[in-house]
Amino acid sequence: MGLFNNNIKSKGSLFARNGLIITCLLLFAAATIFPIYFMIISSFGDPVEAGAMSYSILPPKISFESYKFFFNFSAHSWDWLKNSFIVAACITVSNVFFATLAGYAFAKMKFRGKGILFAILLGSMMIPTQVTQVPLYILIVNIFELQNTYTALIMPSIVTVYNIFLVKQFMSSIPVEIIEAAKIEGCSQPKIFWYIIMPLSKTVMAVLAILTFMAAWNDFFWPFLVTNTMDMQTIQVGLKNFRFANTTYFAPMMAGATISAVPMFILFFSLQKYFLEGVAVGAVKG
Amino acid sequence: MNQMLTKRKKLKLESDSGWGYAFIAVALIAFSLFTAYPVINAFIISLQEYRPLGSTYVGLENFVNSFSDELFWKALKNTLVYTLLTVPFNIFLSFLVAILIMPFKKKTQTIFKAVYYLPAVASGVSLAVVWLWIFDPLKSGIANQVVGFFGISNQNWLGSSATAMFSLVLMSWLSSHGTAIIIYLAALLSIDNSYYEAADIDGATFLQKLRFIVIPFLKPTTLFLLVTGVIGSFQVFQNAYLMTGGGPDHATTMVGLLIFNNAFTYFEFGEAAAQSLLLAAVIALISFLQFKFLGKDIEY
């Protein structure tokens, strides 16, 4: 029957029970999305100083002045968005390709040292980011002298262990017979990968693309460390500037926050299935 | 003869050496350069007074300094308090929501999943900006309006050491459960219906089903969420950095923030590296303990 008893005799009590549950869920949902709602409606306010601002739950009127204010605030407002797109797109493409290649190799190919190498990769996921953060900064900024370049923003995330792990999990379910049959027919590994594995792995590649793009787009910390001029900053770093330079302008700040979140919301609502699927992959034993 | 032939064929089929290494080459280079090398370097830097041009070897001084630094212990304590207040509660809340979503149709489930996951999609910086204004110390700030409704006086949420930590905790309670809900739901949906049917025949109540079927089945998922949640929480940095800067009076200085400040505000790279290694040790110890005491009867 399932966890819940849906055989309740009277229609009334079933209705009452579901009604009660729905109410609880809706209340909690309202609390969850309230900050986002508040961010969006406040961004339509006039760009007046915070003292003159009224905090209302419903928008008194809709004006795009604050958005104009945001883009006029800095000569580089558009650059922040452009940089974010370039960096997130490059990181996404390279992760999808290289993580799929490596994931396939670890899942289905046989070569010496595979087990140990994979164990090392997996083990490294336990290391907190703080451990690598200082040496990585020294490597990129002091040794390679790459600060304030796209290379510095992109390189360290070119392919992540988590993505390799995700692909490997997924590919374990592809039957070996397909690959062996192709080999017997004389198909080389790159061809097998291109013509058989990639078409079969579209789902995991989509999940990978979305999660990677989201992480890269929302990343604040690394771009904040390696950029030092406004024109190289990403939108997340740009937002921080904005807040510290101009704490008193509330609505334009919300406009900036909305602008940084909207591309992700659009992606999320159009590709919801992959987002939600992706979260559970690797966490739940199928 | 025939046997030898199959053996040879099999050997040929099994050896992918060349292509195998080629396929993992980029991943391996990236890993060596951006993870393995920095980890090894962290150990080296932690033993040095790091200067870009010529560092000096100082032995264990950075570690000794950290241990005798009151702020390090305070940051560790703050991180522990934050973890204890957020991780178990967020897991419980996610479990509750996942259970409550269960009786509805797939479409309704998806809508709720999407709504609860939305804060995870928004960037941390934009959420921090919004929450800063929710916690505005003026009477007109939303948090103050809400508590004012219950007759509580105006609070300086992020600016007073009495409420700053709680404000960060509240923010976490209301925005970081989306992932856990989805993971719990996936686990709940994978429980075979026959268990419930058997329980129904035995006349089990809802709570009994919960106690004897759901909770044992979800134990691996809970352990996963607990371990990853604690690991994540111990590295918390961004919200404390953006919202309070660790203040007031270091009431919200987390270890992650302390390490960041030591490295990139004071340029004490050696001390930061030493503290990051101590943090890694603490995380490893806690994860080990969790597996030892909670993971006894879990098979993977």
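Residue numbers begin at 1 in each chain, while the letters A, B, ... track the order of the sequences.
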**OP:** Give the member of B/Ile99, B/Ile40, B/Thr35 that has the highest number of heavy-atom pairs under 4.5 Å with chain A.
**Re:** B/Ile99
Can you list, pair by pair, the side-chain donor-acceptor contacts under 3.5 Å of residues 127-138 of chain A, counting residues two or more places apart and other chains?
| from | atom 1 | to | atom 2 | distance (Å) |
| --- | --- | --- | --- | --- |
| A/Thr129 | OG1 | B/Gln235 | OE1 | 3.2 |
| A/Gln130 | NE2 | B/Gln235 | O | 3.2 |
| A/Thr132 | OG1 | A/Thr129 | O | 3.2 |

Original post:
For A/Gln272, is it the side chain, the backbone, both, or neither that has a heavy atom closer than 4.5 Å to a heavy atom of chain B?
Top reply: side chain
**OP:** Examine distances only and state if a side-chain atom of B/Asn144 and a backbone atom of B/Asp136 form a donor-acceptor pair shorter than 3.5 Å.
**Re:** yes
Original post:
Which residue out of B/Ala22, B/Gly18, B/Ser123 racks up the most heavy-atom pairs below 4.5 Å with chain A?
Top reply: B/Ser123
**OP:** Pick whichever of B/Tyr117, B/Phe112, B/Phe264, B/Phe31 has the most heavy-atom pairs under 4.5 Å with chain A.
**Re:** B/Phe264
**OP:** Would you mind telling me which of B/Thr108, B/Leu127, B/Ile283, B/Ile134 has the largest number of heavy-atom pairs within less than 4.5 Å of chain A?
**Re:** B/Ile134
**OP:** Using the side chain to side chain donor-acceptor pair (under 3.5 Å) rule, take B/Ser94 and B/Tyr116 through it: C-alpha gap first, then chi angles, then the decisive distance, then the call.
**Re:** CA-CA 10 Å; B/Ser94 312; B/Tyr116 292 129; over 6 Å; no
Subject >> Region of A/Leu276 that comes under 4.5 Å of a non-hydrogen atom in chain B >> reply: both
Original post:
Do you know which of B/Tyr37, B/Phe43, B/Tyr50 has the most heavy-atom pairs under 4.5 Å to chain A?
Top reply: B/Tyr50
Original post:
Which atoms of A/Phe28 come close to chain B, meaning under 4.5 Å heavy atom to heavy atom: side chain ones, backbone ones, both, or neither?
Top reply: both
**OP:** Select one option (side chain, backbone, both, neither) describing which atoms of A/Leu225 are under 4.5 Å from chain B's heavy atoms.
**Re:** side chain
Subject >> Closest-packed option against chain A by number of heavy-atom pairs under 4.5 Å, given B/Ala272, B/Ala114, B/Ala30 >> reply: B/Ala114
Original post:
A/Phe106 and A/Phe165: aromatic ring centres closer than 6.0 Å?
Top reply: no
Original post:
In terms of heavy-atom proximity below 4.5 Å to chain B, should A/Leu25 be classed as side chain, backbone, both, or neither?
Top reply: both
Would you give me the side-chain donor-acceptor pairs under 3.5 Å for residues 252-267 of chain A, sequence neighbours excluded?
| from | atom 1 | to | atom 2 | distance (Å) |
| --- | --- | --- | --- | --- |
| A/Thr258 | OG1 | A/Met254 | O | 2.7 |
| A/Ser260 | OG | A/Ala257 | O | 3.0 |

Original post:
Within the distance-only criterion (no hydrogens, no angle test), does the side chain of A/Lys168 pair as donor or acceptor with the backbone N or O of A/Tyr104 below 3.5 angstrom?
Top reply: no
**OP:** Specify which of A/Ala99, A/Ala102, A/Ser94 makes the most heavy-atom pairs with chain B at under 4.5 Å.
**Re:** A/Ala102
Original post:
By a 4.5 Å heavy-atom criterion (distance strictly below it), what part of A/Ile143 contacts chain B: side chain, backbone, both, or neither?
Top reply: side chain
Subject >> Within 45° cone and under 6.0 Å: A/Lys240 NZ/CZ vs A/Phe220 ring >> reply: no
